[in-house]
Structures are given as C-alpha cells and as structure tokens.
Engineer: 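Below you'll find the structure I mean.
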There are 2 protein chains.
Amino acid sequence: MTEKSLTESQAREASRANTALKLERQLCFALYSASSLFTRLYRPLLEPLGLTYPQYLVMLVLWERSPLTVSEIGAALGLDSATLTPLLKRLEAAGYVTRRRDATDERRVLVQPTERGVELKEQAKDVQKELLCRLPLPASELTALHETLGRLNRGMRNAGETES
Amino acid sequence: MTEKSLTESQAREASRANTALKLERQLCFALYSASSLFTRLYRPLLEPLGLTYPQYLVMLVLWERSPLTVSEIGAALGLDSATLTPLLKRLEAAGYVTRRRDATDERRVLVQPTERGVELKEQAKDVQKELLCRLPLPASELTALHETLGRLNRGMRNAGETES
DNA sequence: ACAAATTAAATCGTGCACGATTTAATCGTG
DNA sequence: CACGATTAAATCGTGCACGATTTAATTTGT
C-alpha cells in the first residue's frame, strides 16, 4: 500500500464509521424522544383514571394474566422490586389491585386487580381508541415499528445478559 | 341491513378495532422497553466517564453547538428547567460544563462545555463504537428505525401542540 | 435435620421527569 | 417613564428508575 492509497482508504473507512456513529447518536435522541412523547400523549388521557403511565403498563400486564408475583410483573416490564413495590402500594391505595403473600411460598407477593381494577380495563379501551386517533402513522407503519423494536429489544436483552 | 349482516359487519368491525388496540398496547411495551434497554446498554459504558444517560444526551447537544441557554437545551431534548437545572449543576460540579448568566439578558443562563467537557467528546466516540457493536441490528434497519421514529415524533409533537 | 446458599420482596440513597409555583429580568403599551 | 404582561430559570412536591443492601423464606448439600 502506498502512502496515498492508505490515506484514502483510511479516510473512506473513517467516513463510514462516522456515519454509523452519527446514526447511533440520532437514534439516542429519536428513541428517547419517542418514549417521552408517547408517555406525554398518554398522560392527560390516563390522568382522569388516576393512573400514571408506568401504573398503566402494570395494569396492562395484570389484565392479561393474574395474579402475578412482583417478580413476574418485573420480568414483563424490566423493572425490579425497588421500583415496583412503591408503585404497587400506590395502586393498592387507589383500590385497583390487592397484594397478598403467597400461602405456598411466603416470600412471594401475589398482585391481582380488584373489581374496580377490572372495570378500569373497559375505560382504558376508550383511552386506547382516542390515542390511536392521535397517532400520526398508518397501522402498517405501526406494525413495522413494532416488529423492528421487537428485534431490537430481543437483541438488546441478549447483549445485556451476555455482557462481560 | 338484515339482523344477520349487521351482526357480521359489527363483528368484523369490532375485530379490526381490537386488532388495532392490541397493536397499540404492544407498542406501549415495545417503545418503553426499547428506551429502557437502550439506556441500560449505555449505562455501564458511560459510568466510567461519570455520566448518566440524560447527562450524556445533554453533552451530545452541547458538543454540536454551544453556548446554549437552558431553554435551548430543553427544546432539543423536550425537558424543562425543573429537570435541567439540577442536572446541569451536577455536570458543572463534575467539571464538564460552565453556567453563567447572559450579560445581554440576565434572565438567561448560558451553558458551555469546559475544556474537560470537550475532551470527553473523544472518549464518548469510543463508547459509541462499542455500543454499535453490541446493537444487534444492521445499519439498514437502524436507519429505517430512525426514519420511522422521526415521523412518529414529528406527528406526536404536533398532536401535543394541537390538543384541546 | 441442619447450616449454607439462594431467592423474593422491601428498603435506602441518588438522579431523572414533570406539574405548579416563585423570583427576577425584559418587553410593550399607554 | 411606568406598570402590567411576558419570559427565563429556579424551586418544590410527587412519582419513577436503579444500584446496593437488608430481611425473611425456601432450597440444597451433606
């Protein structure tokens, strides 16, 4: 390799790398903003139900299957007991869930929607309908986004487990 | 419309609506998880630099252009002074930025990387390279994701401004 | 059967996010 | 010029997120 070709090659290589790094920086902003804005879109609609966005996510999990232990909810959302315990206590205080020790294993706490918590599911559907109207993308794009995020998330979960 | 056809039509309609609502619920999880996992992937790499992820985002903004006022940083990231003021004070305490009142308008505070803060930019590039390796998607998919998120974010920003 | 290891939840400290309010500087209009 | 309106940042209170530690129940190895 001559001096010149080496320099050119290095320049091309550096340029490609810089493009990739720039894309990644843009992705930082895009992902952070998307998550914040999505939450912000939900907040005023959830407020009348007395739910914050993380509380809503927990209720979504519990509406699918219950009772669940704190750890099971945590596995579904990627949260630990330090975050969930106080959140669940607030949901309990609001009358939306019950928390009780599992009789067969006293270490576990079983969480389950109350009757009021189950009723909330129907009101939440109206919120979801309203939000869908406000989302500016066609369903096809939302599906594509969901799939891409799914691949990304699976990969990131692996990267997290496999790390040194 | 006969009883029967009405019922069938309604059933199809309800089914389509339920599919859309389910997609939206899945998107809630996917977006929330993606943002959390992305942050979690960055965290151990940023920790040696003494930066949290939000602090890193602020530095990314300041590396592009500075000095900026608190409001300008806030506009770039969708954050208000209640969040930024303490964060910037921590960055200042770490020696990465300076904060000073704008002489031409004493209401504003100008924020600017210190020499140390500028040096950090190079170390951050190594972090970005490392993270890119750990990301499980090809550049083409990352680009597509960035574009889709861009459309979504523009739309959500409008929806937020236009709301009742 | 029992001690050590493991597991589940709770607790503590720090930092981010945000609505609401406060303080201070600037601007606009009479 | 002056005074009310606006703007910028800071402050306060509440809730989420997470690393690290603690407490208590269960499991494992002998």
Side-chain angles (χ1 to χ4, degrees), chain A residues 28 32-44 46-48 50-59 67-75 77-94 96-97 99-111 160 163, chain B residues 32-44 46-48 50-59 67-75 77-94 97 99-111 160 163:
Chain A
C28 289
Y32 177 82
S33 297
S35 180
S36 308
L37 288 169
F38 204 74
T39 304
R40 217 164 292 169
L41 215 50
Y42 257 107
R43 187 169 317 146
L46 291 175
E47 200 254 357
L51 289 178
T52 65
Y53 188 71
Q55 288 168 7
Y56 170 66
L57 292 181
V58 167
M59 292 308 295
L68 290 179
T69 66
V70 174
S71 298
E72 287 168 333
I73 298 170
L77 296 174
L79 296 173
D80 65 5
S81 67
T83 301
L84 283 174
T85 296
L87 187 156
L88 291 169
K89 282 182 177 173
R90 281 186 284 270
L91 281 179
E92 187 180 36
Y96 290 142
V97 305
R99 301 184 319 131
R100 63 179 201 281
R101 288 281 164 183
D102 183 344
T104 73
D105 184 344
E106 291 279 344
R107 288 173 304 181
R108 302 178 206 233
V109 167
L110 295 173
V111 184
E163 96 191 13
Chain B
Y32 178 82
S33 296
S35 180
S36 309
L37 288 169
F38 203 75
T39 304
R40 218 165 292 170
L41 215 50
Y42 257 108
R43 195 187 331 266
L46 292 175
E47 200 255 357
L51 289 179
T52 65
Y53 188 71
Q55 288 168 7
Y56 170 66
L57 292 181
V58 167
M59 292 307 296
L68 291 180
T69 66
V70 173
S71 298
E72 286 169 333
I73 298 170
L77 295 174
L79 296 173
D80 65 5
S81 66
T83 301
L84 285 173
T85 298
L87 186 155
L88 291 169
K89 282 182 179 173
R90 282 186 284 270
L91 281 179
E92 187 181 35
V97 304
R99 300 184 321 129
R100 62 180 201 282
R101 289 280 164 182
D102 183 344
T104 73
D105 183 345
E106 291 279 342
R107 288 171 304 179
R108 301 178 205 231
V109 167
L110 294 173
V111 184
E163 96 192 10

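Throughout, a chain's letter reflects where its sequence line sits, starting with A, and its residues are numbered from 1. None of the values given here were measured: they were computed from a predicted structure.
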Engineer: Please list, chain by chain and in numerical order, all residues satisfying side-chain hydrogen bond (donor to acceptor under 3.5 Å, both in side chains) with Arg99(A), sequence neighbours excluded.
Structural biologist: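 Partners of Arg99(A) under the side-chain hydrogen bond (donor to acceptor under 3.5 Å, both in side chains) test: Glu92(A).
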Engineer: Given dC18(D), dT26(C), dG15(C), which nucleotide is nearest the side-chain atoms of Arg40(B)?
Structural biologist: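 Given the options dC18(D), dT26(C), dG15(C), the side chain of Arg40(B) is closest to dC18(D).
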Engineer: How long is the line joining CG of Leu46(A) and P of dG19(C), in whole Å?
Structural biologist: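 Rounded to the whole Å, the gap is 13 Å.
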Engineer: Which base sits across from dA4(C) as a Watson-Crick or G-U pair, both distances under 3.5 Å?
Structural biologist: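 Checking every strand shown, dA4(C) finds its partner in dT27(D), with both distances under 3.5 Å.
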Engineer: Is Tyr32(A) near enough to dA17(C) that one of its side-chain N or O atoms lies under 4.0 angstrom from OP1 or OP2?
Structural biologist: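 It does, given that an N or O in the side chain of Tyr32(A) lies less than 4.0 Å from OP1 or OP2 of dA17(C).
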Engineer: If I take atom OH in residue Tyr53(B) and atom P in nucleotide dA17(C), what distance separates them, rounded to the nearest angstrom?
Structural biologist: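 Roughly 11 Å, once rounded to whole Å.
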Engineer: Could you pull out all residues at least two apart from Glu72(A) that satisfy side chain to side chain contact (heavy atoms under 4.5 Å, CB included)?
Structural biologist: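 Glu72(A): side chain to side chain contact (heavy atoms under 4.5 Å, CB included) contacts with Leu68(A), Thr69(A).
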Engineer: Using the side chain to side chain contact (heavy atoms under 4.5 Å, CB included) criterion, which residues pair with Arg101(B)? Sequence neighbours excluded.
Structural biologist: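 Expected list: Glu106(B), Val109(B).
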Engineer: Treating primed atoms plus P, OP1 and OP2 as sugar-phosphate and everything else as base, which nucleotides of nucleotides 7-13 of chain D get B, S or - for protein heavy atoms under 4.0 Å?
Structural biologist: BSBBBB-
Engineer: Contact class for Gly74(A) (heavy atom, under 4.0 Å): base, sugar-phosphate, or nothing?
Structural biologist: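 Here Gly74(A) touches no strand at all.
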Engineer: Just to verify, what does Tyr42(A) make a side-chain hydrogen bond (donor to acceptor under 3.5 Å, both in side chains) with, not counting sequence neighbours?
Structural biologist: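 Expected list: Glu24(B).
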Engineer: Hey, could you give me the CG/OG distance between Leu79(B) and Ser36(A), rounded to the nearest 0.5 Å?
Structural biologist: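 Separation between the atoms: 7.0 Å.
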Engineer: Quick one: list whatever passes side-chain hydrogen bond (donor to acceptor under 3.5 Å, both in side chains) with Asp102(A), sequence neighbours left out.
Structural biologist: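 Counting only residues at least two positions away or on another chain, Asp102(A) forms a side-chain hydrogen bond (donor to acceptor under 3.5 Å, both in side chains) with Thr104(A).
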Engineer: For Gln55(A) and Ala103(A), take the nucleotide of DNA chain D holding the closest heavy atom to each; which residue's nucleotide lies nearer the 5' end?
Structural biologist: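 Result of the comparison: Gln55(A).
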Engineer: Between Asp102(B) and Leu79(B), which residue's closest nucleotide on DNA chain C lies nearer the 5′ terminus?
Structural biologist: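 Between the two, 5'-proximity favours Leu79(B).
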Engineer: In whole Å, what is the span from the CD atom of Glu47(A) to the P atom of dG19(C)?
Structural biologist: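 One finds 10 Å between P of dG19(C) and CD of Glu47(A), rounded.
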